[in-house]
Protein chains: 2
Amino acid sequence: MLTIVKEQLSSLSATPLYLQLADMIRNQIRDGGIRTGEALPSERELSDAVGISRVTVRRAIETLLREGLLSRRHGSGTYIAPRIEQPAALLAGFSADMRNRGLMPGSHWLDRSAGLPTPDEAMTLALSIDQPVLRFARVRMADGEPLAIERAVVPAQFLGSVDDVQDSLYAALDLREARPVRGLQRLQASLATAAEARLLSVPVGAAILRIERRGFLANGMPVEFTRSAYRGDRYDFITEVRELRQEPGRQP
Amino acid sequence: MLTIVKEQLSSLSATPLYLQLADMIRNQIRDGGIRTGEALPSERELSDAVGISRVTVRRAIETLLREGLLSRRHGSGTYIAPRIEQPAALLAGFSADMRNRGLMPGSHWLDRSAGLPTPDEAMTLALSIDQPVLRFARVRMADGEPLAIERAVVPAQFLGSVDDVQDSLYAALDLREARPVRGLQRLQASLATAAEARLLSVPVGAAILRIERRGFLANGMPVEFTRSAYRGDRYDFITEVRELRQEPGRQP
DNA sequence: GCCTTTAACTGGTATCTACCAAATTCCGCG
DNA sequence: CGCGGAATTTGGTAGATACCAGTTAAAGGC
């Protein structure tokens, strides 16, 4: 049973009502107040139980649908979706990714410098070849063991100097309000070169997962171009795919 | 300049108005009627140009925002997002994936049989060990060359018999209205075993991209468990990542 | 001339209302 | 008792309206 407390919603708050309601429902789902498969109260019930309009209730439900927490069936009701594991790769940087997996992130620097873009970097970052970029190359560790080599290139305009990046590139971009909200990643299986093998302490010819990521701002401007090489024996990449049109589902 | 033809919208049509409008705008963007960066007419303008309410216009725009075609700025306007390539892996089966890449899909069967699930198959498909499953194993080809080995397992309840699957597994599932709408994929780099090397005509120890996919219905029921081995030298996997909260973007 | 203020845009949230369409429930007929 | 069909309940779409909140550009004052 879902218990919605009318008094917890405030139209004076800065956050919109529909997000407040969404949070409320999300928390109750997380805290186990409602079992999976169980139905939510109908939109009309919710609406006048909480004293907000049905349209607003629907908006709240829609955000939760998009997160995959609920599923709707026309004519039947709105149900709590079965617990699903979150894909690890939700536009998280390496540090966040590792923490999600319960591992201790670490790194040591290979290179941190300013310079000019190579032709293909200029191309993918939509720069002219005289606009400076910053380069960050690190060996990334998980629980003290080398896991990946990461080489990031960022247009200098988005970061003051290379020293702004201490632990996390994304944290530094966040401060400048230049955190990417969208990314395109390319994954490929390959073999370790001699240099990579040495840095990752694996034999030459070991399996390597190469990930190339481009990060974009909301307006589409590219901010990040990162090429990584992950140890194939220690790392797997989880991703979620959906249909574009998310229509109401069926349920027996 | 965007030209919206009022007469093309019909409230009699089966598809809702907001989707009709979204299609209309989407087509004009694709056909290059409007340049990237350019602003759409304001919601109010659109609204009374087409003769539909602003709420409906907003719904149309929202679906295009989610597809990444538009970006909105509070107080400023709605803009065409810069052209972005579509991620190939949009819950497409192998055949559709290959056609997207401009390659001719093909396959030859290794196995097509009914049986009982192994313990880990039963686990991931949420079956008991006495519920029958169908197995499909194929070598997948692109333009006549072997590209991947694909082994799919589907609970028998979702397909009549193994003969229902001719070319495409997804087409067969579609007919029974059991097409997955959501999938979780796990990618890992690895090396070719002797058996794989023979089937894919690569040397033993070549780079292999292993993809494990679980497909789910809208209600969360698992319908598909597929393990594939792709040639690392011929295949790369493209994926898109987003922030959960998609808020309006900034633009200079 | 420049800077500040103000007014006129823009999208963002929220209301009430009406009706359509899919599922389910209930009831009466055979 | 079983089945079919009507009534009810659920979500889905669409409208008109009001006001709030950022942005931008024009109007005003210095």
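Predicted model only: the values in this text are computed from it and were never measured. Every chain is numbered from 1, with letters handed out A, B, ... down the list of sequences.
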Query - Test side-chain contact (heavy atoms from CB on, under 4.5 Å) applied to Tyr18(A) and Asp23(A), Thr63(A), Val57(A), the passing residue - result: Thr63(A)

**Report entry** Residue-phosphate contact under 4.0 Å: Ser53(B) side-chain N/O, dA16(D) OP1/OP2
**Finding:** no

**Report entry** Arg58(B) side-chain N/O to dG12(C) phosphate OP1/OP2 under 4.0 Å
**Finding:** yes

Taking only the side-chain heavy atoms of [X] (C-beta and beyond), determine which of [options] contains the nearest atom.
X: Ser76(A); options: dT15(C), dG12(C), dA23(C); result: dA23(C)
X: Leu17(A); options: dG11(D), dA14(C), dG12(C); result: dA14(C)
X: Arg72(A); options: dT13(C), dG15(D), dG11(D); result: dG11(D)
X: Val55(B); options: dG12(D), dT10(C), dG15(D); result: dG15(D)

**Report entry** Of Thr56(B) and Glu45(A), the one whose closest DNA chain D nucleotide lies more 5'
**Finding:** Glu45(A)

Report task. Using side chain to side chain contact (heavy atoms under 4.5 Å, CB included) as the criterion, list what pairs up with Asp120(B), not counting sequence neighbours. Result -> Thr118(B), Phe225(B), Arg227(B)

Report each atom pair, protein N/O against N/O of nucleotides 19-21 of chain C, whose distance is under 3.5 angstrom.
| unit_1 | atom_1 | unit_2 | atom_2 | d |
| --- | --- | --- | --- | --- |
| dA21(C) | N3 | His74(A) | NE2 | 2.7 |

Requested in this report: Using heavy atoms to find the nearest nucleotide of DNA chain C for Ile52(A) and Thr78(B) separately, return the residue whose nucleotide is more 5′.
Outcome: Thr78(B)

Query raised in the report: Between Arg214(B) and Glu224(B), does at least one N-O distance fall below 4.0 Å, as a salt bridge requires?
Result: no

**Report entry** Check ion pair Glu150(A)-Arg213(A) (N to O, under 4.0 angstrom)
**Finding:** no

Query raised in the report: Is the backbone N or O of Gln185(A) less than 3.5 Å from a side-chain atom of Thr239(B), with the two atoms forming a donor-acceptor pair by type?
Result: no

Query raised in the report: Just by modelled atom types, is the Asp48(B) backbone N or O under 3.5 Å from a matching donor or acceptor in the Arg54(B) side chain?
Result: no

